[in-house]
Every structure is written in structure tokens, then in C-alpha cells.
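Heads up: the structure comes next, in C-alpha cells.
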Protein chains: 2
Amino acid sequence: MTETAVGPIRIVLADDERMVRTALRVILSAEPGLEVVGEAASGAEAVSVVRELRPDVVLMDVRMPEIDGIRATEQILRTLADPPRIVVVTTFENDSYVYEALRAGASGFLLKRADADSLVQAVRLVARSDSLLFPAAVRALAAEHGRAKPAPPAWVARLTSRESEVLRLMAAGLTNAEIAGRMGVGPATVKTHVASVLAKTGARDRTQAVIAAYEAGFMNTD
Amino acid sequence: MTETAVGPIRIVLADDERMVRTALRVILSAEPGLEVVGEAASGAEAVSVVRELRPDVVLMDVRMPEIDGIRATEQILRTLADPPRIVVVTTFENDSYVYEALRAGASGFLLKRADADSLVQAVRLVARSDSLLFPAAVRALAAEHGRAKPAPPAWVARLTSRESEVLRLMAAGLTNAEIAGRMGVGPATVKTHVASVLAKTGARDRTQAVIAAYEAGFMNTD
DNA sequence: ATCCGGGTCCGCCGCGCGGGGGAGGGGGCT
DNA sequence: AGCCCCCTCCCCCGCGCGGCGGACCCGGAT
């Protein structure tokens, strides 16, 4: 409502491939009310161009030299007052960057294979309302997802394959004898491995070792 | 691209408040290329109306009598071949229903306070491309979030306050003696509680009890 | 009034577990 | 050839733990 009256939607394109930028420019410029005011071929350039031109919308590729689209998005949203809406452009919709982009504050996503009309309307929609199709709840969800897996503790990598196996079975609630049976080795061997696991995890007993495994997200690594 | 040529976008409104339906109808009908073909005042009605009219887009309120919007969405997407895009209408954007709606397969969200232009463009956009602003990755994220906390097992509620306390300390890696000290009771008392916890959790030893606590999300309940 | 369940304690017993040490074999690195 | 790590297995010892039975107090339900 606010920007519709004051003039056209001002757009900056950030993509390292010239052809992509040209294609987008052609599509968007043909549309009344849309104006492509600048381009950038890298993340760093995107940040400075946006800082200078203050567009309403940025179409940001994820894979770019110097700084990728995610960090460029972060920098723009963090450093600018009244920042533009940022639409992230990806090739694959199950791209892992999607999470990070959401967390970084992207307002929308576009697939590179999207047709012209979708592109135009996505830009229009995003320029008007940031949270229309991306509720705060979704963003919170992404944030949660991100900070849920921060630290795979150092000791995980130090476990030998056998020790990992033993820890996994410990964390399944098996006794040493059961683990021995399951692994086809003697109980004494299992005890040795358990002792190593306790030492490496800094655990006092098997219970603490299991706790460490869970806290480390060790059980999710299936 | 496909539907634009073959005719107007056919819309069904599902909301238990007549005023909301009327308002939406007025806004959408005034727009060229959009046509409101039907209305429903409940989730159940929405399912049958959609099944009969086969619209392109459904605007679905979450809170409705009989069947809520979420389950109506599920039913529609599950039972119909070539189902319509469903846009969920919520009052608050951090509504917890957002997760479930995403998991149910909703293509977009609208706030009831959205302005007319946003509404129209959201409908247009969603009619054209389902996954444009909701990548598969986001949907997967919601699904993961959903099945992460489905079952707070029955035994959790059956624990007495003292037993919960003991289990929490067990899951912190403390020995019975340490728990006794921390709780200001005798070691024998702790042993009694531990025995109760083991019985209720179906655990064989404290390790399995701790596992049960983690699996039940018992440790997140801080 | 009785009963029941939660919380608090106490003993005894057996066993799985953890700590310590030793020993042999295989594979990789130098 | 050495060396070291990993895997394998053995002994003994001590203790925390889990299973059993019994006891008391108290508050609420019957």
C-alpha cells in the first residue's frame, strides 16, 4: 500500500551469470511498475550496490563468488535500516541453502525455471508484504533448525569405528553381554571398548556416555 | 502458464464467518481473471464443495466448526487427484497451526489483515505455481518438526513429582548418592524412587530409563 | 473408620559394571 | 626393522546398582 503509490518497484539483480541477469532484466523491465535499477555479479558487489541504490527488492542468487547469497543477505539485512525484501534464487528447491536463507531473513524463493508471470508476481507480492507467504513461525522454525545442530563435539571424531558401534548399542540400552552377542565378539572385548568410550567421552559410567551420545546428536547420525 | 489461457482462476472460500467470506468475495470478484465459484462455512462443507466444484484455489480458514481447516486441507489433498492449491488464512502469523498447515500441504498463508492487492496477487501466484514461495525443503522442515514431537509417552504423566525429579537427575548423569545429596534425602529413598521410575518406564536399568527420558523429549521440558 | 498411594527410610543379596593390569595379533607408518 | 594403533581376550577386585522385603507417616478417597 505504501510503495504502490510512490512509484515503480525498484529491483536489483545479483547473479554471477550474465545471461541470467539479462533474462531477468528483460522479463522484469517489460512489466509496468517494475524497474531494474542495478545489477551485481558477486555477493560483495550486491551488498555495495544495494547499499547505494536502496532498491525495494533484490533477486539474489545463492551461489556466487566472494560472498555467497546467504551472507550477502545477512549483511544487507543487518546493516541497512529499512532494508529491501530479498528473494533468493535457487536451482533446486530442496537446496540445503533454503534453511540458511530463511534464517538469514529472505522473504521468498524463486526457482530458476520459474515462468515469467510467476517471477513478476512474486516480485510484486514480496515488495508489498514481507511476511505474507512466509509467516514468522516458518522463520522461527528455520532458526530453530539451524541452532539445533551447532556443535558435534570433538570426541565424536576420535572414536574408532568399533567404539562408535559399541556406543550406539550402549545408547540403545544393551548390556555388555548383549552388545557382545550382537557384535559377535567376547564380553571382555566389549568391556575394553566401553572403557575407551568412557575415557574419550569423559563419562564416568555408561549412563553418562549415553547422555553424551544424545547431547552430541550422535543418535541422529543414522 | 497453463491455466491462464484456459480461463479464470476458480476460487472456493471456506470460513465460518459470513462477513469474512463476503469481504473476500467482493475483493476477488472485482478482479479480472478471478472467479469465486463457491463458499463453505465449515471444514466438512469445504471438502464436499471442493470435491464438487474442483476449483483452482481454496482460501481456507484454520478455525472452523466440525473439521478444522488443517484436516480439511489434508482430506482434500489426500483424496483428490489434481487437487487445488490451498491457501490457509490465519489471524496471527505465529499461529501454531502454521506448522500443521505446512505439513498438510498448504501452498501459502494469508493474514486476515492483508490488504486487497496482496490477497489478489497471492491467489494469482499460488494458482500458477505451488512451490514457488514454499520450497519442498521448507515443507520437509515442517514435517520433521511435526513428527519430532508426536508422542509424549503415557508413562510421563504417571510419574510422581518426586520421580520426575529423580529421573531428571538420573538423566543428568548423577549416581544415586549424588541425587540423594542434591535432593536432601537419604540414598535409600532415591533407590526407591529409581525403582519406581524403572517400573513405570519399563526400563531394565538406569541407562534405559535415561534413554526413555530422552526419547520422550523429557529433557526438553525445562 | 478403613484403605490406599505417595514419600520417606532401612536392611540384605547378587550381579553387572568399571578400574587395573596383562597379552597376543594385525595393519599402517616411518 | 621398528613403532603405534586397533581389535581381541583374559584375570581380579571393588562398588554402584537393582531386586527383595519390611517399616513408618501422612493425606485423600471410600
Side-chain angles (χ1 to χ4, degrees), chain A residues 152-219 221-222, chain B residues 152-219 221-222:
Chain A
W155 57 261
V156 174
R158 311 188 47 185
L159 293 178
T160 69
S161 62
R162 227 43 178 162
E163 287 161 356
S164 299
E165 207 174 339
V166 169
L167 177 54
R168 218 169 287 276
L169 293 173
M170 282 198 286
L174 303 190
T175 66
N176 289 340
E178 289 169 339
I179 295 174
R182 193 75 68 94
M183 289 177 59
V185 298
T189 304
V190 174
K191 291 190 65 173
T192 307
H193 290 317
V194 169
S196 299
V197 169
L198 294 183
K200 290 183 179 177
T201 56
R204 181 172 48 186
D205 48 44
R206 74 197 294 100
T207 301
Q208 287 190 351
V210 170
I211 294 170
Y214 269 91
E215 296 291 350
F218 193 77
M219 301 315 293
T221 318
D222 293 345
Chain B
W155 56 261
V156 174
R158 309 188 48 185
L159 292 178
T160 69
S161 62
R162 235 28 185 175
E163 287 161 356
S164 298
E165 203 174 339
V166 169
L167 177 55
R168 219 170 284 278
L169 293 174
M170 283 198 291
L174 304 190
T175 65
N176 289 340
E178 290 168 340
I179 294 174
R182 192 77 68 93
M183 288 176 60
V185 298
T189 304
V190 174
K191 292 189 67 172
T192 305
H193 291 317
V194 169
S196 299
V197 169
L198 294 183
K200 290 184 180 177
T201 56
R204 183 172 47 187
D205 48 43
R206 74 197 294 103
T207 302
Q208 287 190 352
V210 170
I211 294 170
Y214 270 91
E215 296 291 347
F218 194 78
M219 302 315 291
T221 318
D222 294 345

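Numbers restart at 1 for each chain; the letters A, B, ... are given by sequence-line order, proteins then strands. Just so it is clear, the values below take in all heavy atoms, side chains as well, and ignore hydrogens, waters and symmetry mates.
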Side chain proximity check, A/K200 to A/T160, heavy atoms < 4.5 angstrom: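 Contact flag for A/K200/A/T160 side chains = yes.
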Sub-4.5 Å side-chain heavy-atom contact between A/V190 and A/M170: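 No, too far: nothing below the 4.5 Å cut-off.
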Quick check for you: name the first and last nucleotides of DNA chain C, 5' to 3', having an atom under 4.0 Å from a heavy atom of chain B.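 That gives a stretch of C/dG6 to C/dC10.
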Which angle, to the nearest 10 degrees, lies between the helix axes at the two ends of the helix from C/dT2-D/dA29 to C/dT30-D/dA1, each defined by five pairs?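 Inter-axis angle at the ends, rounded: 40°.
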Just to be sure I understand the rule, does B/T160 reach a base, reach only the sugar-phosphate, or reach nothing, if contact means heavy atoms closer than 4.0 Å?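 Sugar-phosphate only.
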Strand contacts (DNA chain C) in [range], 4.0 angstrom heavy-atom criterion:
range: residues 193-203 of chain B; answer: B/H193
range: residues 169-182 of chain A; answer: A/T175, A/N176
range: residues 204-211 of chain B; answer: none

Among residues at least two apart in sequence or on other chains, which ones pass side chain to side chain donor-acceptor pair (under 3.5 Å) with A/S164?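 Checked A/S164 against side chain to side chain donor-acceptor pair (under 3.5 Å); zero matches.
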For A/E165, is there an ion pair with A/R162 - N to carboxylate O distance below 4.0 angstrom?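 A salt bridge is present here (some side-chain N lies under 4.0 Å from a carboxylate O).
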Please name the pair of heavy atoms, one in B/A171 and one in A/I211, separated by the smallest distance, quoted to 0.1 Å.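 Minimum heavy-atom separation between B/A171 and A/I211: O-CD1, 3.0 Å.
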Kindly give the heavy-atom pair with the smallest separation between A/A209 and A/A203, and that separation in Å.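 Scanning both residues, the minimum pair turns out to be N-CB, 3.4 Å.
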For A/E163 and A/R158: C-alpha separation, side-chain torsions, deciding distance, then whether side-chain contact (heavy atoms from CB on, under 4.5 Å) applies. CA-CA 9 Å; A/E163 287 161 356; A/R158 311 188 47 185; over 6 Å; no
For nucleotides 22-30 of chain D, give me every protein contact, N/O to N/O, under 3.5 Å, one pair per line with atom names.
none

Pair listing, salt bridge (charged side-chain N to carboxylate O under 4.0 Å, His left out) test, anchored in residues 180-195 of chain A, at least two apart: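 Residue pairs passing salt bridge (charged side-chain N to carboxylate O under 4.0 Å, His left out), neighbours aside: none found.
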Pairs touching residues 173-216 of chain B that satisfy ring-ring contact (aromatic ring centres under 6.0 Å, His included), sequence neighbours left out: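 Only A/Y214-B/Y214 qualify under ring-ring contact (aromatic ring centres under 6.0 Å, His included).
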Between D/dT8 atom C1' and A/M183 atom CE, what is the distance in whole Å?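 Computing the A/M183:CE to D/dT8:C1' distance gives 11 Å.
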Whole-Å distance between D/dC20 C1' and B/K191 NZ?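 Rounding to the nearest Å, NZ of B/K191 and C1' of D/dC20 are 10 Å apart.
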Is the backbone N or O of B/V197 less than 3.5 Å from a side-chain atom of B/T201, with the two atoms forming a donor-acceptor pair by type?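 Yes: the side chain of B/T201 pairs with the backbone of B/V197.
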Any side-chain hydrogen bond (donor to acceptor under 3.5 Å, both in side chains) pairs touching residues 202-213 of chain B, not counting sequence neighbours?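 The answer is A/E178-B/R204, A/T207-B/T207, B/N176-B/R206.
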In terms of the nearest nucleotide of DNA chain C, which residue is placed more toward the 5' end: B/A188 or B/R158?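 Going by which nucleotide is closer to the 5' end, it is B/R158.
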